[in-house]
Amino acid sequence: MRTATRFLAAFTAITALVLTCSMSVASAEASTSEDAPTVEVPVFEDPVPGDVLAELPKQRSTPSSRTAPLVAPTTIDTASIELDLSDTSSKPGGRTKGNDKTTPAKIIGEWREVGDSGVKLAQASPTEKKRGGEQPTEAVVRVATGKAALKVGADSIAITLTSAEDGATGPVGVTVPDAVLNGFGGDYAARLRWVQVPAAGTLDDAKAIPVASARTKDATLLSPTITAEPTTLMALAGTSSTSGTGSYSATPLKSASTWDVTEQTGAFGWSYDMAVPDPGVGPTPDIGLSYNSQVVDGATASTNNQPSAVGEGWSLNATGFIERSFIPCAKDDGASGAVTTSGDLCWRTDNATVSLAGHSGALIKDTASGKWRLQDDDGTRFEHLTGTAQGCAANGTASTDCWRMTTTDGTQYYFGLNRLPGWASGKAETKSTWTVPVFGNDVGEPCHASTFATSSCMQAWRWNLDYVVDVKGNAQALYYTAETNKYAKNRTGATAYQRGGVLSRIEYGLRSNQVYASNAAGYRVEFTYDARGRCSDSTGAQCTTGTLDSAVVPAHPTAYPDVPFDQLCTGTSCTAAQIAPSFFTNARLSKVTAKVLVAGAYSAADSWTLSHSFPAPGDGTSPALWMTKVQRTGSAAGQTAITEPATIFNGVTMQNRVWEVDGLAPLDKWRLSSIKTSLGGVISVNYQGQQCTAAEAETILANLNTNTKWCFPEWWVPEASVPLGGRWDLFHKYPVKSIIVDGATDGPLSATQQTQYIYGTPRWRYNDSPLTVAGSRSWNIFAGVNTVEVREGDPAASAAQKVTQYTYYQGMNGDRANSSGGTKAINVTGTTIPDDRWFAGQLYRQRTINGVGGAQISDEVRTPWASAITANDGTRQARFTDIQKTVVTEPLSVGGNRTLETRTTFHATYGYPLTVSTIPSDAAGTCLTTDYAAPNTTAWISGLPSRVRTVAKACADLSTAQYPADLVSDAKTLYDNASWGA
């Protein structure tokens with residue numbers, strides 16, 4: 001989710017509104033305009049529950065192609081009001097509530113309206129005795145709404161209050177009707193957090209004072225404390241549901257973020273979005289931080305467990321990559337056998353995995369055509385290019401190879417290009433390809449020669465995304481900092497390679513023919529990494545400063561608890577302990593800054609600062625990088641930067657290894673357990689306890705093919721440069737048990753929201769990866785669970801909970817039966833439908849019932865569709881998949897049920913829908929038919945509709961349709977001035 005930056009500005013002039021104890025009411029003065037300031041203050045939207053709101057476009061001379069959201073009319077109301085105690089015929093009453101930082105009060109005076117604003121004031125008496133002067137009898141007040149309120153950082157209203165008497169201080173009753181907060185829906189008023197800040201101050205935790213409040217039927221009651229110093233009372237809004245309905249009770253509070261549980265895997269995922277300026281056209285980076293508890297679950301003794309530059313369990317959403325895996329030569333069981341004395345990497349098979357939002361997973365190379373397809377095929381084209389003739393540039397690999405991914409709208413994504421279009425000597429390279437020596441020790445493998453020693457060459461282990469260009473020539477460029485190291489290749493000398501790296505900056509708002517022109521990009525995003533690296537000494541006394549691309553062993557390496565500096569080799573020869581390439585980073589992301597080109601220079605628009613710690617896991621192993629908070633600051637040229645309250649993260653340690661007291665560590669890892677959002681809401685995560693015990697480990701390991709517990713096996717090797725020997729062990733997986741959300745909005749809908757997850761049977765597929773050598777393959781690929789029941793609401797009132805039951809495909813049909821081979825025949829739970837591999841993770845059925853054990857509210861059953869195989873590497877296959885049939889059943893109030901059936905057919909080659917037939921049980925059906933323009937297989941543009949027709953008949957009865965009587969709509973689209981259908 002995106003949240004808009006709130007800006008506060010000082011009131012340069014305040015129209016006086018005097019509250020006195022006289023018995024007369026002066027005439028009110030209202031205005032719909034205000035004096036124009038000399039400097040325009042940017043106006044930003046504020047979030048309301050349920051949708052992503054972008055910043056309003058800046059003012060410009062030419063008309064915008066976007067329609068800006070409506071803003072309430074500007075009003076500024078003032079009045080001189082007489083306050084008095086309530087008489088017996090009119091008792092306003094009411095009490096506000098708050099904490100020890102607020103002033104709860106009882107309303108004891110008559111309500112008096114401020115002009116025509118709808119806002120009323122009354123005398124109030126604190127319900128708790130606090131030391132101070134006399135209660136104020138006069139006040140200066142200004143009520144501003146609409147644009148006038150936005151100018152000072154308020155969402156929809158700003159009320160400035162000042163005691164007119166020296167020494168007088170105390171609460172004043174203020175009531176704000178919901179109608180005043182116009183322009184926003186979705187029970188907006190009940191989701192506000194009210195604070196008061198110095199009128200000339202800025203919004204920060206040090207000066208923002210919470211205000212005691214209460215909700216009435218159609219208004220908010222407040223009791224701000226006023227003094228002789230002006231103070232501004234304003235509301236800060238919470239976030240909304242993604243549906244935009246404003247149903248706070250249906251959707252958890254989110255602040256610059258989204259959270260969710262991946263029901264079928266039990267993983268807790270949470271993301272923090274960093275909204276960057278939109279260029280209007282062309283590729284725009286999607287920046288953010290993502291947490292996934294499943295990443296921590298997968299940390300075993302055989303994996304690289306160093307946290308990312310963000311922290312344990314986190315990743316930076318800003319880029320993508322294609323990665324190739326190799327195998328240690330000491331474990332290579334190819335034709336020539338393993339080189340048991342080697343710490344080097346060897347070629348095993350031509351493989352690739354892509355990681356890019358919306359296009360992630362294994363790439364399958366078809367043995368017949370040599371073409372690559374995403375295993376979960378979505379029509380995207382992948383090309384592994386070699387040499388400058390195919391479009392690559394020098395990037396450090398022996399074969400000058402890179403990748404081009406083209407989506408079905410023709411947008412091209414390059415990985416490892418390094419030298420972008422227009423590059424010349426002296427221009428910046430992207431440093432996007434990270435290489436390592438790889439030995440081709442078997443005949444037919446790359447770089448194979450007559451001896452092992454001469455059979456190596458530099459190959460990419462990761463090609464990072466570095467260039468994006470759309471069909472109009474709008475472009476985006478990504479630049480990296482590579483972290484280098486050396487090791488004793490083939491046990492001798494010192495050979496350089498890239499052990500890791502980080503994203504340094506993104507330039508967008510580019511044209512493809514001006515990538516290297518001066519200030520060619522209209523926008524930049526810069527990533528700053530702590531110059532002290534991953535140093536745990538908060539004082540910095542034991543830290544060594546430096547740059548990531550010129551690493552040295554620090555003076556106090558023990559101050560870097562999760563960086564293996566012992567593996568850093570910088571000389572002309574490496575030690576005997578450095579005979580294998582190692583992959584690690586000293587990077588700690590400290591800041592992300594979004595900039596806009598203004599008058600020939602880049603000016604900061606928004607920035608996000610990250611804070612970290614190194615908490616001890618408690619099992620004797622070294623601490624690892626943990627993100628403690630992230631904080632956003634809004635900036636604009638010539639204005640004071642405004643910092644939002646931080647989003648704060650807390651964690652809990654959980655044991656990864658099913659531990660036996662055998663001298664090995666239990667591998668305790670920190671997991672995210674609570675999040676305090678910038679709006680004050682708290683999200684608490686509770687994980688399910690351990691299901692496997694050390695006492696039953698032997699039994700589980702002996703029957704892994706039938707394992708249905710929340711633990712999995714892993715073959716791993718204790719400390720060794722040459723991976724010989726090893727052992728099987730079990731590791732826990734922790735699904736989320738419940739989520740508790742306290743929105744802290746202090747309104748009638750601010751009750752704590754609770755969600756429980758009750759899981760069915762977890763299963764594990766056999767690891768058939770060719771990169772896993774014989775003897776260490778097992779059933780350790782998580783297939784998720786077959787069923788999940790989600791209960792929303794108070795567990796103590798289970799009959800009132802909203803209950804949703806999900807049934808999933810796990811992809812277990814055809815899995816290896818046992819260690820001797822064979823295949824399993826497994827159906828989807830409760831059906832005779834084969835649980836095929838290519839449908840793994842898809843939803844089969846979703847039932848909603850009224851409370852635990854209650855009546856059914858709805859039932860949806862889905863039938864998936866799979867295309868023919870689009871790529872086959874001999875072990876794995878790629879296919880298009882989608883939903884070809886859904887049947888929704890709902891009860892009727894008069895008894896019985898109604899059904900709605902939807903049937904879809906798909907194009908066999910491109911996978912897009914051709915017909916959609918809607919068949920209700922109680923009404924006439926419809927058929928929507930889509931024809932498509934001829935695919936452009938050069939530019940790779942497909943799926944553009946040329947004709948969309950809807951007829952009031954089910955598709956099976958289309959031949960009986962009468963025209964034009966049965967025609968509902970018929971739309972034709974032409975492209976590029978070509979004839980229809982071309």
Side-chain angles (χ1 to χ4, degrees), residues 52 54 65-66 276 278-287 317-322 354-361 363 371-385 391 402-415 417 420-421 463 465-478 506-513 515 522-523 867 870-871 878-882 904 906-914 916 928 930-948 971-982:
V52 176
S65 61
R66 301 179 182 178
V276 300
D278 189 343
V281 295
T284 304
D286 186 9
I287 312 295
N317 297 340
T319 180
F321 60 83
I322 293 178
V354 62
S355 178
L356 184 69
H359 307 276
S360 297
L363 294 179
K371 294 182 178 180
W372 296 83
R373 303 298 290 259
L374 192 63
Q375 187 167 22
D376 295 326
D377 204 341
D378 60 2
T380 301
R381 180 172 65 183
F382 290 87
E383 299 170 279
H384 187 199
L385 310 174
C402 65
W403 288 81
R404 180 170 60 211
M405 180 187 93
T406 310
T407 54
T408 54
D409 64 355
T411 301
Q412 297 179 340
Y413 299 77
Y414 285 86
F415 300 81
L417 190 56
L420 305 184
W463 298 267
L465 176 69
D466 59 356
Y467 185 60
V468 184
V469 59
D470 66 14
V471 293
K472 301 295 185 181
N474 302 301
Q476 171 183 311
L478 301 90
I506 301 175
E507 297 183 352
Y508 64 109
L510 282 167
R511 294 294 297 166
S512 59
N513 59 350
V515 173
Y523 308 85
S867 70
T870 57
R879 286 180 171 86
F880 288 103
T881 61
D882 214 308
T904 307
F906 300 91
H907 194 282
T909 301
Y910 294 100
Y912 40 65
L914 298 175
V916 179
L928 185 150
T930 305
D931 297 328
Y932 296 87
N936 182 334
T937 56
T938 301
W940 204 251
I941 300 174
S942 64
L944 295 178
S946 62
R947 184 180 188 184
V948 180
K972 294 182 178 181
T973 305
L974 282 68
Y975 298 94
D976 301 329
N977 296 318
S979 59
W980 176 66

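Everything numeric in this text was worked out from a predicted model, so none of it was measured.
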(request) Taking the side chain as every heavy atom from C-beta outward, state whether Asp286 and Asn317 have any atom pair closer than 4.5 Å. (result) no

(request) Quick one: list whatever passes ring pair (Phe, Tyr, Trp, His ring centres under 6.0 Å) with Tyr508, sequence neighbours left out. (result) Tyr523

(message) For a 4.5 angstrom cut-off between non-hydrogen side-chain atoms, does Val471 reach Asp409?
(response) no

(request) State, with a plain yes or no, whether a side-chain heavy atom of Tyr975 is found less than 4.5 Å away from one of Ile941. (result) no

(request) Hey, could you give me the CG/CZ distance between Leu974 and Arg947, rounded to the nearest 0.5 Å? (result) 12.5 Å

(request) Might you point out which heavy atoms bring Arg381 and Thr938 nearest each other, and give the distance in Å? (result) NH2-O, 3.2 Å

(request) First locate atom CZ of Phe906, then atom OG1 of Thr881, and finally report the distance between them rounded to the nearest 0.5 Å. (result) 9.0 Å

(message) Please check if the number of heavy atoms outside Lys972 that lie under 6.0 Å from its NZ is greater than 12.
(response) yes

(request) Compare every heavy atom of Gly379 with every heavy atom of Arg373, then report the nearest pair and how far apart it is. (result) NH2-CA, 4.3 Å

(request) Enter the distance from Trp940:CH2 to Glu383:CD here, rounded to the nearest 0.5 Å. (result) 8.5 Å

(request) With the side chain counted from C-beta on, respond yes when Asp377 and Ser867 share a heavy-atom pair under 4.5 Å apart, and no when they do not. (result) no

(message) Would you say that Asp882 contacts Thr904 through its side chain, given a criterion of any heavy-atom pair below 4.5 Å between the two side chains?
(response) no

(message) If you apply the rule side chain to side chain contact (heavy atoms under 4.5 Å, CB included), what do you find for Asn474 with Arg511, and how did you get there?
(response) CA-CA 5 Å; Asn474 302 301; Arg511 294 294 297 166; 2.9 Å; yes

(message) Could you measure the distance from the CG atom of Leu944 to the CG atom of Asp931? Nearest 0.5 Å is fine.
(response) 13.0 Å

(message) Just to verify, which of Trp463, Phe321, Tyr414 counts as forming a side chain to side chain contact (heavy atoms under 4.5 Å, CB included) with Trp403?
(response) Trp463

(request) Provide the closest heavy-atom pair for Ile506 versus Pro285 in the form atom of the first, atom of the second, distance. (result) CD1-CB, 4.0 Å

(request) Please name the pair of heavy atoms, one in Asp470 and one in Pro283, separated by the smallest distance, quoted to 0.1 Å. (result) OD2-CD, 4.2 Å

(request) Could you tell me the separation between the OH atom of Tyr467 and the CG atom of Leu510, rounded to the nearest 0.5 Å? (result) 8.0 Å

(request) Taking all heavy atoms of Thr930 and all of Leu928, pick out the closest pair and write down the distance. (result) OG1-CD2, 3.4 Å

(message) Please report the interatomic distance CG(Leu465) to CD(Gln476), rounded to the nearest 0.5 Å.
(response) 7.0 Å

(request) Evaluate the side-chain proximity of Leu356 to Met405: yes if any heavy-atom separation is below 4.5 Å, no if none is. (result) yes

(message) Which label fits Tyr910 and Tyr912: parallel for a plane angle under 30°, tilted from 30 to 60°, or perpendicular past 60°?
(response) parallel

(request) Say whether, by atom type as modelled, one donor and one acceptor occur between the side chain of Ser512 and the main chain of Ala475 under 3.5 angstrom. (result) no

(message) Can a donor-acceptor pair be found, under 3.5 Å and without considering hydrogens, that links the side chain of Asp378 to the backbone of Thr380?
(response) yes

(request) Could you tell me which non-hydrogen atom of Thr909 sits nearest to which non-hydrogen atom of Phe880, and how far apart they are? (result) O-CE1, 3.2 Å

